[in-house]
Amino acid sequence: MMSERCQSKSVCVIGAGPSGLVAARELEKEGHRVVVLEQNHDVGGQWLYDPNVEGEDPLGRNTTSPPTNHNSHHVKVHSSVYTSLRLGSPREIMGFTDFPFSVKKGRDTRRFPGHRELLLYLQDFCDWFELRDLIRFNTRVAYVGMLDHVVGFQDLKWLVKSVEKKTQIVMEEVFDSVVVATGHYSQPRLPSIKGMDSWKRKQIHSHIYRVPDPFCDEVVVVVGTSQSGHDISMELVEVAKAVYLSARSLNNIFEGLAKVISKHDNLHLRPQIESLQEDGKVLFVDGSWVIADTIIYCTGYSYTFPFLDRKGIVAIDDDREAKIFSAHAHKKNLADQNRISRRLPETNQFTSRRTMA
């Protein structure tokens, strides 16, 4: 039912992952006219596992550019979920308050289930609240920008250009508001290492890691000791010749990881990388080195909005948060009205990690 305090608005929700789905449900419940644009074939966002990573740039480079037309660059693979990933938080706190993440017969009943169980939960949520009719699947957003004819930023409208994947037909629509629910685990963040661009051997970001098999009998350097760095290292020790886990600071290694390392003869802890050399040598800051076959960067992700025409109004603050701002007082209405919003899941609820049990 429409609230007495507001009028029905046309709203574009970009993304049908956890945040996009719940945003669409709440907006529709308030009587707004909602359209959800989803680039993949189903709901789930990050939890829609995609094993086909061959077409993606191994380091995720050159995947963003100014959104000048419908051919602007974007990551081809959205999900960073690897095959063995399990939830790092119990199912009791992973669900929405009015739609519990309950155990279902015939499915993964573990308290920390695999990633597919969360996808099934999101599909159940979508079907229960009849949200599929709001969603246009296989539709990529290519451009979002404010209409220029708005005077004093009153009655602001947003132009959204989208591309249907199969036909490549471009559609232009105007909305009162836009909710950006595209997630923030798709655009790889890379360190700056001397010699990285000229190193001749294989380098990938964990974004495209799926299974350990391709690294059989290799010497692998894993950069980063976050959860994905732990998980991937634990898988690689079963197949690789040797795994070197490179940490920014050896003083911050938790006791559990130290115990795990001590149990594997082919798992070694090393400090930060000093440089990479063309002959395959990886030199660490303590002077030690190793000849490696592959480097896997588990170094996190950047916020990116390749479709967004910022026009000096929208900025990314410290690579972590999107804010609407202006240097002119008369534009303050734009920030107050929240006409475009960046919606993120709670950190402790939707975190990609695999238990080390």
Side-chain angles (χ1 to χ4, degrees), residues 50-65 73-77 80 82-83 185-253 257-258 260-261 264-304 306 319:
D50 185 355
N52 302 311
V53 297
E54 291 78 10
E56 186 66 276
D57 184 289
L59 293 174
R61 288 173 165 171
N62 303 318
T63 53
T64 58
S65 67
H73 295 296
H74 60 284
V75 290
K76 296 177 182 178
V77 178
S80 298
Y82 37 95
T83 303
Y185 292 114
S186 293
Q187 181 60 54
R189 184 201 300 264
L190 295 170
S192 178
I193 298 175
K194 181 181 178 181
M196 185 174 174
D197 291 336
S198 58
W199 204 68
K200 301 299 184 182
R201 302 193 179 191
K202 185 165 55 176
Q203 301 181 77
I204 72 169
H205 190 275
S206 58
H207 171 60
I208 66 166
Y209 174 88
R210 293 298 182 265
V211 293
D213 305 61
F215 309 96
C216 184
D217 295 325
E218 288 191 354
V219 175
V220 183
V221 174
V222 176
V223 180
T225 55
S226 63
Q227 194 65 46
S228 61
H230 299 167
D231 291 353
I232 291 173
S233 296
M234 292 304 98
E235 291 197 332
L236 291 176
V237 293
E238 303 298 330
V239 300
K241 181 178 180 180
V243 178
Y244 292 84
L245 183 58
S246 172
R248 180 180 299 178
S249 173
L250 297 181
N251 296 325
N252 296 327
I253 301 300
L257 177 59
V260 171
I261 291 174
H264 297 274
D265 294 335
N266 62 337
L267 179 58
H268 313 279
L269 186 62
R270 291 292 184 270
Q272 195 168 352
I273 295 175
E274 173 71 26
S275 64
L276 304 179
Q277 300 181 10
E278 291 190 26
D279 62 355
K281 182 180 291 185
V282 178
L283 179 65
F284 300 99
V285 294
D286 64 352
S288 63
W289 57 270
V290 62
I291 299 293
D293 298 295
T294 299
I295 300 175
I296 302 177
Y297 296 100
C298 302
T299 47
Y301 298 87
S302 298
Y303 286 73
T304 181
D319 205 26

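Throughout, numbering of the chain's residues begins at 1 and tracks the sequence. Reckoned from all heavy atoms, side chains included, excluding hydrogens, waters and symmetry mates. Being a predicted model, the structure only gives us computed values, none of them experimental.
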Please assess Ile291 against Val219 for the test side-chain contact (heavy atoms from CB on, under 4.5 Å), listing each intermediate value before the final yes or no.
-> CA-CA 7 Å; Ile291 299 293; Val219 175; over 6 Å; no

Please lay out, stage by stage, how Tyr297 and His205 fare under the test ring pair (Phe, Tyr, Trp, His ring centres under 6.0 Å).
-> CA-CA 5 Å; Tyr297 296 100; His205 190 275; 7.5 Å; no

Met234 and Leu267: CA distance, side-chain angles, deciding distance, side-chain contact (heavy atoms from CB on, under 4.5 Å) verdict = CA-CA 9 Å; Met234 292 304 98; Leu267 179 58; 3.3 Å; yes

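The shortest side-chain heavy-atom distance between Val290 and His268 does not fall under the 4.5 Å cut-off. When side chains are defined from C-beta on, Glu235 counts as touching Tyr209, because their heavy atoms get closer than 4.5 Å. Using a 4.5 Å heavy-atom threshold, the side chains of Ser206 and Tyr82 count as separate. No side-chain heavy atom of Ile232 sits less than 4.5 Å from a side-chain heavy atom of Phe215. Annotation: side chain of Val243 is not in contact with side chain of His264 (no heavy-atom distance under 4.5 Å). With a 4.5 Å cut-off on side-chain heavy atoms, Ile273 and Val221 count as touching. Looking at Gln187 and Tyr301, their side chains never come closer than 4.5 Å, going by heavy atoms from C-beta outward. Side-chain contact between Arg270 and Ser288 is present, with heavy atoms from C-beta onward closer than 4.5 Å.
For the salt bridge (Lys or Arg N to Asp or Glu O under 4.0 Å) condition, the pairs that include at least one residue of residues 279-304, sequence neighbours left out, are Arg201-Asp293.
Shortest non-hydrogen contact noted between Pro188 and Leu59 is CB-O, 3.7 Å. Listed here is the closest heavy atom pair of Arg210 and Val77: NH2-CG1, 3.6 Å. Pairing each heavy atom of Gly224 with each of Leu245, the nearest pair is O-CD1, 3.4 Å.
Between the CG atom in Leu269 and the CZ atom in Phe284 there is a gap of 9.5 Å [rounded to 0.5 Å]. Note that the CD atom of Gln203 and the OG1 atom of Thr294 stand 9.5 Å from one another [nearest 0.5 Å]. Taking CD1 from Ile193 and CD1 from Ile295, the interatomic distance works out to 6.5 Å, rounded to the nearest 0.5 Å.
Judged by distance alone, the side chain of Glu56 and the main-chain N or O of Ile208 form no donor-acceptor pair under 3.5 Å. For the pair Ser246 (side chain) and Pro271 (backbone), a donor-acceptor distance under 3.5 Å is present. Side chain of Ser275 to main chain of Gly195: no donor-acceptor pair is present (N/O by atom type, distance under 3.5 Å, no hydrogens or angles). Using modelled atom types, one side-chain atom of Trp199 and one backbone atom of Gln277 make a donor-acceptor pair closer than 3.5 Å.
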